[in-house]
Amino acid sequence: MVRILPMASSTIRPSISAFRFSGATRFGVPVSSPQRLCFRSVVPQSQLFNLKSFKLLRGDKKSIIVTSMGNAAQASTASTEENVLQWVKQDKRRMLHVVYRVGDMDRTIKFYTECLGMKLLRKRDIPEERYTNAFLGYGPEDSHFVVELTYNYGVDKYDIGSGFGHFGIAVDDVAKTVELVKAKGGTVTREPGPVKGGKTVIAFIEDPDGYKFELLERGPTPEPLCQVMLRVGDLDRAINFYEKAFGMELLRKRDNAEYKYTIAMMGYGPEDKNAVLELTYNYGVTEYDKGNAYAQIAIGTDDVYKTAEAIKLCGGKITREPGPLPGISTKITACLDPDGWKSVFVDNLDFLKELE
């Protein structure tokens, strides 16, 4: 849905200006003289002053007036922020697709369909801009999390980096899937067996571009493409950001002191029924090389403008102001989390129209 280029440059033109919330600075006008402020203020006296303030007022009117006005402004701003973050929790959000770059589109499609059981949902070629997209998954895009592959003409290799971890796929029989991967010439980097410290049977494989996939043995699930794992430098900071700015839930957190790492599963519903974001913190590692292969996760929202405002309030960086994309009118906004991982929020109604 959004062109992903191999380099940092972008052909997307600037969008319309960002949404603004009113009232955030309603008390921000400076008071030039303390005599001008009286108790006929629109803000009730009980909200501006307590008994302690009243006593101080007789000794130093100016300092108390400034302090009280500052407190009122802080209260107003805090109230606005609370409203925005409350809206985030009520927004209808879903992980739509994960976007990354590949060096040979036909080769990758063949591997995903023959070895991993995915279906090619749609494909589009944009020769004038020299790129091709393919969407693959286990069900329709309007109800399933899928992968969006991007092939840029003439680029056959990318750097995956050390920050990206893996994708997770739930399968009925891990051993059988591994045998199929081997038969098709795929690479198995971990043979089937119980996860360390648990009972779930897993295996790891690599696709032709070197992206890792964790195969998890799990019963029937509506969302077989179930995980995207990214490494972060401060897990508590990341959890706080994704809870507040993205409206995700912390589904579970597990520390593995023996192997010096901690994971947190974040998402919009139970991980056996929904795709989740798996954040991994390795003890003592605060930064990672992100390479140029993995791009972003796309998430649906009812309002990209309010979403951008919430992200700003939570310390995220907006890399594309909210507004419609040139040509297709789909409204999006893009951001970076505190670790520099990119996400794109897409208007829910526009996304459905795009699928028609």
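Side chains included, hydrogens not; waters and symmetry mates left out as well; all remaining heavy atoms used.
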(request) Identify whether the distance between the nearest side-chain nitrogen and carboxylate oxygen of Lys123 and Asp106 falls below 4.0 Å. (result) yes
(message) Quick check against the 3.5 Å criterion: does Asp159 have a side-chain atom that pairs as donor or acceptor with the backbone of Asn292?
(response) no
(message) Restricting to non-hydrogen atoms, name the atom on His166 and the atom on Gln227 that form the minimum distance, rounded to 0.1 Å.
(response) NE2-OE1, 3.7 Å
(request) Establish, from distance only, whether the side-chain atoms of Thr307 and Thr333 form a donor-acceptor pair under 3.5 Å. (result) no
(message) Starting from Tyr259 and following side-chain heavy-atom contacts under 4.5 Å between hydrophobic residues (I, L, V, M, F, W, Y), which residues can be reached?
(response) Leu251, Tyr261, Ile263, Met265, Val276
(message) Looking at every non-hydrogen atom in both residues, tell me the closest pair between Asp272 and Pro222 and how far apart they are.
(response) O-CD, 4.0 Å
(request) Check whether any side-chain heavy atom of Met266 sits under 4.5 Å from a side-chain heavy atom of Leu250, and report yes or no. (result) yes
(request) Only counting residues at least two apart or in another chain, list the ones meeting side chain to side chain donor-acceptor pair (under 3.5 Å) with Asp234. (result) none
(message) Can a donor-acceptor pair be found, under 3.5 Å and without considering hydrogens, that links the side chain of Asp339 to the backbone of Trp341?
(response) no
(message) A side-chain contact here means heavy atoms from C-beta on lying under 4.5 Å apart; do Asn274 and Glu271 qualify?
(response) no
(message) Treating Asn133 as the side-chain partner and Arg124 as the backbone partner, does any N or O pair qualify as donor plus acceptor under 3.5 Å?
(response) no
(message) To the closest 0.5 Å, what do you measure between CD1 (Ile299) and CZ (Phe345)?
(response) 4.0 Å
(message) Can you tell whether the side chains of Arg252 and Glu278 come within less than 4.0 Å, N to carboxylate O?
(response) no
(message) Testing the 3.5 Å rule here: is there a donor-acceptor pair between the side chains of Tyr242 and Asp337?
(response) yes
(message) Just verifying a value: how many Å separate Lys342 NZ and Arg320 CZ, rounded to the nearest 0.5 Å?
(response) 9.5 Å
(message) Please check this pair: side chain of Asp209 against backbone of Val102, looking for a donor-acceptor N/O pair closer than 3.5 Å.
(response) no
(message) Please give me the minimum heavy-atom distance between Cys335 and Ile311, naming the atom from each residue.
(response) SG-CD1, 3.6 Å
(request) Could you tell me whether Lys253 and Asp236 have a side-chain N and a carboxylate O separated by less than 4.0 Å? (result) yes
(request) Using atom types as modelled and distance alone, determine if a side-chain donor or acceptor of Arg93 lies under 3.5 Å from a backbone N or O of Tyr268. (result) no
(message) Tell me whether Arg122 is salt-bridged to Glu141, with the criterion being a basic N under 4.0 Å from an acidic carboxylate O.
(response) yes
(request) Measure up the Phe135 and His97 rings against each other and bin them: parallel (under 30°), tilted (30 to 60°), perpendicular (over 60°). (result) perpendicular
(message) Can you tell me how far apart NZ (Lys331) and OG1 (Thr301) are? Round to the nearest 0.5 Å.
(response) 11.0 Å
(message) Within the 4.5 Å heavy-atom criterion, are Thr280 and Thr262 side-chain neighbours or not?
(response) no
(request) Output yes when a side-chain donor or acceptor of Asn152 lies under 3.5 Å from a complementary backbone atom of Val155, and no otherwise. (result) no
(request) Could you pull out the closest heavy-atom pair between Leu216 and Val174, with the gap in Å? (result) C-CG2, 3.8 Å
(message) Please report the interatomic distance CD(Glu206) to CZ(Phe204), rounded to the nearest 0.5 Å.
(response) 10.5 Å
(request) Each residue besides Leu85 in its hydrophobic cluster should be listed here, by chain and number; the cluster joins Ile, Leu, Val, Met, Phe, Trp and Tyr at side-chain heavy-atom distances under 4.5 Å. (result) none
(request) Please tell me if the side chains of Asp303 and Asp91 come closer than 4.5 Å, counting only heavy atoms from C-beta onward. (result) no
(request) For Glu223 and Phe145, indicate whether the former's side chain and the latter's backbone hold a donor-acceptor pair under 3.5 Å. (result) yes
(request) May I ask you to decide if Pro324's main-chain N or O and Ser329's side chain share a donor-acceptor pair within less than 3.5 Å? (result) no
(request) Applying side chain to side chain donor-acceptor pair (under 3.5 Å), name anything that partners Glu191, two or more places apart in sequence or on another chain. (result) Lys182
(request) Mind telling me whether Phe241 and Phe246 have parallel, tilted or perpendicular rings, with 30° and 60° as the class edges? (result) tilted
(request) For the residue pair Asp125 and Tyr153, confirm or rule out a side-chain donor-acceptor distance under 3.5 Å. (result) yes
(message) Under a 3.5 Å distance rule, please check whether Arg231 uses its side chain to pair with a backbone N or O of Ser162 as donor and acceptor.
(response) yes
(message) For a 4.5 angstrom cut-off between non-hydrogen side-chain atoms, does Arg101 reach Tyr131?
(response) no
(message) Just verifying a value: how many Å separate Asp255 CG and Leu235 CG, rounded to the nearest 0.5 Å?
(response) 9.5 Å
(request) Output all residues satisfying side chain to side chain donor-acceptor pair (under 3.5 Å) with His144, sequence neighbours left out; order by chain, then residue number. (result) none
(request) Nearest 0.5 Å please: distance from the CG atom of Leu225 over to the CD1 atom of Ile169. (result) 6.0 Å
(message) Please find the pair of heavy atoms, one from Gly137 and one from Val146, that lie closest to each other, and give the distance.
(response) CA-CG1, 4.2 Å
(message) Phe167: which residues meet the ring pair (Phe, Tyr, Trp, His ring centres under 6.0 Å) condition with it, sequence neighbours left out?
(response) Tyr100, Phe164, Phe213
